[in-house]
Amino acid sequence: MLLDLLNKNDQLKLSVLITLESQPSAISIKELTEKLQVSEYHIAGAIDTLITDVGRLGLPVALFTIEILDNKIVQYTRNSSLSAFNYLLYIYSLESNFSPFFNNFLFERAASQVEFLDENFISKTSFFRLRKQFEPTLKQFNVNMTAKLQLLGSERDIRSFLYIYLLTSNGDVKVPFSPDLEIELDNLIDSTEDLLPVTFSNADRLKLRYYLYVIFVRTSLQHYVSKNKPTNAEYSTAMGRMSVLFTKFFELPNELEAQSIVAELFIFLFSEGITTLLPHRIDLLPAIVAVREQFQTAFHPSNETMQQLFTPDVNVKLAQFLTHLIFFSYPINLLVDPQNISYLNDNFSDYQTFSQSVIKTLLPSYLPGRDCLFQHHEQALSTDLLLLIVANFNLTLLTSPIVVTIDFTYGENYTKFIENEIKNFNSLNLKVTHQLTDQTEILISNLSPQVIPSTHKLQWTSPPTSSDWAFLGNLIVSIKKERHLNHDKKNKQKN
């Protein structure tokens with residue numbers, strides 16, 4: 001999402017790295033050029049620089065090695081559990097042409113455009129070229145830049161942009177504030193944790209550090225959100241105590257400003273799925289009902305099945321998702337390429353189509369004023385909704401399982417061992433049996449396969465290897481795709 005703010009060569013290097021990390025084996029330079037739509041010359045240059053850049057990280061072990069075999073095959077080897085992507089993204093962000101722009105957006109140091117150009121040794125020609133380059137990404141957050149190089153837009157949208165940029169570019173590699181301020185922010189987070197009460201994960205705490213840091217900087221510049229006093233009685237005591245803490249920490253002019261910040265914080269925690277109560281009432285019921293109705297139209301479950309699918313917990317998850325769409329100008333998932341998640345694409349294509357339809361045509365009419373969010377982040381928001389469905393809905397209620405029969409002569413415990421391992425694929429909706437019937441779709445055995453035309457046979461004469469499990473997974477995907485095609489054909493014939 002924010003990679004467009006990096007220098008072009010750095011964008012290419014990260015794209016090459018992501019592609020290499022996603023490959024199960026070596027890949028030719030020609031294939032890389034086809035995937036990334038750039039010349040072999042630029043691919044070779046990006047690989048050479050990546051090899052140099054990994055040495056700049058200053059880590060005891062190189063996170064990866066790249067070898068070029070026969071001048072045409074790229075062999076990528078990951079040497080560590082650490083992600084080279086995060087470290088390189090941090091370095092490239094610091095070195096990007098956008099870095100001085102962002103620092104001025106955050107701290108508003110330059111009083112004029114001329115002062116900004118002089119402080120950063122940027123020519124007027126370069127300034128206008130860079131400004132034009134960065135504006136489309138800023139517009140994704142519904143913000144723009146003024147002539148004085150300050151951000152223009154609603155305070156919520158400005159904070160959203162600053163927060164996401166810091167979180168994605170710095171991550172947990174290095175926070176951009178002093179150790180003393182980090183300690184103070186952690187103490188504030190600890191107090192929040194005690195008052196709610198709730199337990200924050202490490203990821204939650206990292207997000208809160210950046211979220212509170214942006215508030216700290218913006219309030220020090222006297223940029224406040226609109227007054228938003230909390231009204232939820234269940235949180236009133238905790239919020240009152242937090243308002244006192246926030247008034248002191250952020251040096252606010254009055255407690256009313258603190259109440260507004262606390263309310264915004266609770267909205268953030270709710271939309272992130274960390275808490276389950278909102279600070280004040282937001283009417284989300286019409287949108288939730290509309291999503292339910294469209295789901296029923298798309299998949300035709302019975303009323304009883306709908307009740308089993310849309311449990312109270314699922315409705316809370318939907319409310320959290322919708323709250324995020326209302327208050328924040330970025331998707332929940334911050335994946336580099338949210339549309340190319342092969343596992344979801346291969347196994348949940350029906351729900352993927354449904355999610356895309358909800359984001360594109362249904363929710364915009366229920367959430368007025370959020371056109372910019374839907375326009376610029378449609379694919380990522382569709383993935384957010386798809387992940388919500390896959391993670392929280394009992395989808396086995398909607399589709400018949402793939403029947404897998406296992407039949408070995410190696411003893412009861414060996415058969416049970418294989419059965420337990422296959423059940424690790426339970427999110428793919430499998431049913432394991434021990435009797436071969438005309439319902440069996442996959443037969444796994446050490447015996448010579450019995451002949452049933454509709455059954456796929458796998459003969460495992462020794463304990464399965466990783467390639468055997470991969471073959472089984474691919475076969476399951478293939479069966480699902482075949483079912484999907486047959487379903488589409490039947491629908492076309494009906495129409």
Side-chain angles (χ1 to χ4, degrees), residues 1-57 59 61-93 95-96 168 333-349 352 379-380 383 425 428 456 458 464-482 484-485:
M1 176 170 52
L2 295 176
L3 293 186
D4 288 342
L5 297 176
L6 299 178
N7 299 339
K8 296 297 182 185
N9 288 338
D10 293 336
Q11 291 180 38
L12 176 59
K13 285 184 283 187
L14 288 176
S15 296
V16 169
L17 179 62
I18 292 168
T19 306
L20 292 176
E21 285 196 337
S22 66
Q23 298 301 310
S25 58
I27 182 174
S28 70
I29 291 179
K30 184 178 180 182
E31 285 180 274
L32 274 174
T33 63
E34 291 172 352
K35 283 178 178 289
L36 301 178
Q37 296 295 298
V38 293
S39 69
E40 290 190 15
Y41 172 81
H42 286 102
I43 290 291
I47 291 173
D48 287 342
T49 317
L50 270 175
I51 294 170
T52 303
D53 287 348
V54 75
R56 297 168 56 202
L57 299 177
L59 299 172
V61 178
L63 299 184
F64 62 83
T65 53
I66 300 177
E67 296 177 277
I68 308 296
L69 310 176
D70 298 329
N71 291 320
K72 58 183 179 181
I73 302 297
V74 183
Q75 179 66 58
Y76 175 87
T77 305
R78 186 167 178 171
N79 301 328
S80 169
S81 59
L82 298 177
S83 170
F85 180 88
N86 284 349
Y87 284 90
L88 291 174
L89 176 58
Y90 170 69
I91 288 177
Y92 297 158
S93 296
E95 298 173 346
S96 75
T168 55
N333 83 77
L334 301 176
L335 298 165
V336 176
D337 190 3
Q339 64 183 6
N340 289 322
I341 307 175
S342 57
Y343 178 82
L344 295 178
N345 297 343
D346 291 339
N347 292 288
F348 303 100
S349 58
Q352 186 178 53
Q379 185 58 57
T383 299
F425 289 86
L428 300 183
H456 300 271
L458 301 180
T465 64
S466 57
S467 60
D468 291 319
W469 290 115
F471 188 90
L472 174 60
N474 291 334
L475 179 57
I476 292 167
V477 169
S478 175
I479 291 171
K480 287 193 168 189
K481 286 182 176 178
E482 188 177 351
H484 185 66
L485 290 172

>> On a heavy-atom basis, which atom in Glu95 and which in Asn7 lie closest, and how many Å separate them?
In response: O-ND2, 3.4 Å
> Atom CD1 in Ile51, atom OG1 in Thr65: separation rounded to 0.5 Å?
Replying inline: 8.5 Å
>> Please give me the minimum heavy-atom distance between Ala46 and Val16, naming the atom from each residue.
In response: CB-CG2, 4.1 Å
> Should Lys13 and Leu88 be marked as a side-chain contact (heavy atoms from CB on, under 4.5 Å) after you check the CA-CA gap, both sets of side-chain angles, and the distance that decides it?
Replying inline: CA-CA 9 Å; Lys13 285 184 283 187; Leu88 291 174; over 6 Å; no
> Given side chains that start at C-beta, do those of Leu3 and Thr168 come closer than 4.5 Å, heavy atoms only?
Replying inline: no
> What is the distance from atom CD1 of Ile27 to atom OG of Ser22, rounded to the nearest 0.5 Å?
Replying inline: 7.5 Å
> What distance separates Asp70 CG from Gln75 CD, expressed to the nearest 0.5 Å?
Replying inline: 12.0 Å
> Of all heavy-atom pairs between Ile91 and Arg56, which one has the smallest distance, and what is that distance?
Replying inline: CG2-NH2, 3.5 Å
> Side chains of Ile43 and Val38: closer than 4.5 Å at any heavy-atom pair?
Replying inline: yes
> Considering residues at least two apart in sequence or located in another chain, which fulfil the side-chain hydrogen bond (donor to acceptor under 3.5 Å, both in side chains) criterion with Tyr92?
Replying inline: Asp53
>> To the nearest 0.5 Å, what is the distance between CG on Leu82 and OH on Tyr87?
In response: 4.5 Å
> Looking only at heavy atoms, what is the nearest atom pair of Ala380 and Asn333, with distance?
Replying inline: O-ND2, 3.1 Å
> Are more than 12 heavy atoms from other residues, nucleotides or ligands located less than 6.0 Å from atom CG of Asn9?
Replying inline: no
>> Would you compute the distance between atom CG of Leu14 and atom CG of Asp10 and round it to the nearest 0.5 angstrom?
In response: 7.0 Å
>> For a quick test of reading the model, state the closest non-hydrogen atom pair linking Thr19 to Ser15 and the distance between them.
In response: OG1-O, 2.8 Å
> Among Leu17, Ile47, Val54, which residue meets the side chain to side chain contact (heavy atoms under 4.5 Å, CB included) test with Ile66?
Replying inline: Ile47
> Stepwise, does the side-chain contact (heavy atoms from CB on, under 4.5 Å) test hold for Ile341 with Leu335?
Replying inline: CA-CA 10 Å; Ile341 307 175; Leu335 298 165; 3.6 Å; yes
> If you look only at pairs with a residue in residues 27-52, which of them pass as a salt bridge (Lys or Arg N to Asp or Glu O under 4.0 Å), with sequence neighbours excluded?
Replying inline: none
>> Whether the side chain of Gln11 engages the backbone of Leu6 through a donor-acceptor N/O pair (distance < 3.5 Å, no angle test) should be reported.
In response: yes
> Which residues pass the ring pair (Phe, Tyr, Trp, His ring centres under 6.0 Å) test with Phe64, sequence neighbours left out?
Replying inline: Tyr76
> Rounded to the nearest 0.5 Å, what separation is found between the OG atom of Ser28 and the CD1 atom of Ile68?
Replying inline: 11.0 Å
> So, the side chain of Asn474 versus the backbone of Ala470: is there a donor-acceptor pair under 3.5 Å, distance only?
Replying inline: yes
> Taking all atoms of both residues into account, what is the closest heavy-atom pair of Ala84 and Leu63, and its distance?
Replying inline: CA-CD1, 3.5 Å
> Can you find a side-chain donor-acceptor pair between Asn345 and Gln352 that sits under 3.5 Å?
Replying inline: yes
